[in-house]
Number of protein chains: 2
Amino acid sequence: MHEQLIANIRKRVSVSPEELESIKHFFIPKKIRKRQYFLNAGDVTRHTAFVEKGLLRSFSIDDSAHEHVVQFAPEGWWITDMCSFLSGDEAVYNIEALEDSELLLLTKQAMDEMLEQHPKMERFFRLLMQNSIIALQRRIVGTLSLSAEEKYKRMMHLYPDILQRAPQQHIASFLGITPETLSRVRKQVSIGKQG
Amino acid sequence: MHEQLIANIRKRVSVSPEELESIKHFFIPKKIRKRQYFLNAGDVTRHTAFVEKGLLRSFSIDDSAHEHVVQFAPEGWWITDMCSFLSGDEAVYNIEALEDSELLLLTKQAMDEMLEQHPKMERFFRLLMQNSIIALQRRIVGTLSLSAEEKYKRMMHLYPDILQRAPQQHIASFLGITPETLSRVRKQVSIGKQG
DNA sequence: AACTAATCTTGATCTACATCAAGTTCTTTC
DNA sequence: GAAAGAACTTGATGTAGATCAAGATTAGTT
């Protein structure tokens, strides 16, 4: 149940088997079925989730009732509404399971205790966040500078896996284009490949 | 010379005056004049910069030679090309001073030593990055969901200071619109106010 | 102070993508 | 396994904002 988590931690910091054993116990396993919501915008979440298995998405809904996918979280990724989790604010994002998923949940309190007992984990989370920032900055530039087709092609090589697993409407939303445009772009790209 | 830095650290973690004194010495003060580049895309940077005074911007240049402002950094903010700083990759962003500025530079090595000697700073940087992530996610959603006018108004209340200090072409680029559109939006908004 | 160059404004035109609409295919579910 | 409902495709039309172009301000330099 904790394989992905352990691999995820080991990738960034060196921890002894004993430490890992202790760290594991701060997490609460939870299964969530496809289409179930892990978080509804407006609620306050006490948890941050590590995805052991499955796929989730976080998204906001704007005034025109359009959805905007903020993040996809497949195995090995973390997902929450950070503002709500850290500050107890009302969440602005919804989080939905796109597949039957297995999560490892961390409450704010458990996280603080864990960081207290295992200072190495401060470093772990810092490194994790550094990578997020790099990816988010790139996404902003991509959103501002690429055409619909370029955005799609970029996703093809950055996240080929998610492209296979997530419904196209959500991929379109993640890329900042409509499902119709994505459909046309896909046709275009597939013709370009064979022709 | 370190007032902003000290305030910035104190805001997030509690540190003794002695610790602060030690921490200060990991930073190298540097002045940079308006229009000077702190970093050129393609170079590798050894430094991350804390802005004591002044204003900088980081930006990328796309294939059509358009600039895209990734970040503005006024007093109290940090700026670098993270990927280059952390991994020694070639920088993808340029960093330019928009005003005569005073920076406090941290090399990767100094940062690692500082984190070693002052584990509290791990926490400090983690908290700093959490805030960045929250802001970046919001910016992505804003970029995808708001009209040009809404983007401008949002900036008016999120960063009124930068709106005053940075040239409009760079603000337009930050918002993902052209300078012409920004000019029209500003006219529109100012008419709306009085009329 | 006058010259130069950058920045900002305004108008006319163009275009990538959104929107609307109607059909098709794939998924649930009972 | 048939019916209902999502999700995807395709075409026709609309539009926000880009691009192009030319003038008006503003700022920097000698």
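All values below come from the heavy atoms of this structure, side chains included, with hydrogens, waters and symmetry mates left out. Letters go in sequence order (proteins before strands), and every chain restarts at 1.
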Nucleotide nearest [X] (side chain, heavy atoms from C-beta), chosen from [options]:
X	options	answer
Q168(B)	dA18(D), dC8(C), dA7(D)	dC8(C)
K34(A)	dT10(C), dT28(C), dA18(C)	dT28(C)
K187(A)	dT10(D), dG11(C), dG28(D)	dT10(D)
T178(B)	dT9(C), dT19(D), dG17(D)	dT19(D)
R186(A)	dC20(D), dC17(C), dT9(D)	dT9(D)
P167(B)	dG11(C), dC17(C), dC8(C)	dC8(C)

Open item on the list: Do L158(B) and F72(B) land in one hydrophobic cluster if side-chain heavy atoms of ILVMFWY residues count as linked below 4.5 Å?
Closed with: yes

Please report, rounded to the nearest Å, how far the [atom2] atom of [N] is from the [atom1] atom of [X].
X	N	atom1	atom2	result
E67(B)	dA6(C)	CD	P	14 Å
Q169(B)	dA6(C)	CD	P	11 Å
Q164(B)	dT26(D)	CD	P	15 Å
I191(B)	dT9(C)	CD1	C1'	13 Å
R184(A)	dA7(D)	CZ	P	19 Å
E180(B)	dA21(D)	CD	C1'	10 Å
R35(B)	dA6(C)	CZ	P	9 Å
L182(A)	dA18(C)	CG	P	10 Å

Open item on the list: dA16(C), OP1 or OP2 - any side-chain N/O from S147(A) closer than 4.0 Å?
Closed with: no

Open item on the list: Using OP1 and OP2 only, check whether a side-chain N or O of S183(A) sits under 4.0 Å from dT9(D).
Closed with: yes

- [ ] Would you classify K151(B) as touching base, sugar-phosphate or nothing, given that sugar-phosphate means primed atoms plus P, OP1 and OP2, and contacts are heavy atoms under 4.0 Å?
- [x] nothing

- [ ] Using a heavy-atom cut-off of under 4.0 Å over every strand shown, decide if H66(A) touches base, sugar-phosphate, or nothing.
- [x] sugar-phosphate

Task: Passing option when F59(A) is tested against H68(A), H66(A), Q71(A), E67(A) for side-chain contact (heavy atoms from CB on, under 4.5 Å) - done: E67(A)

- [ ] Using a strict cut-off of less than 4.0 Å between a Lys/Arg side-chain nitrogen and an Asp/Glu carboxylate oxygen, indicate whether E75(B) and K53(B) qualify as a salt bridge.
- [x] no

TODO: State whether the number of non-hydrogen atoms from other residues, nucleotides or ligands found under 6.0 Å of R46(A) atom CZ is greater than 12.
DONE: no

Open item on the list: Counting only heavy atoms from other residues, nucleotides and ligands, does the tally under 6.0 Å from CZ of R12(B) exceed 12?
Closed with: yes

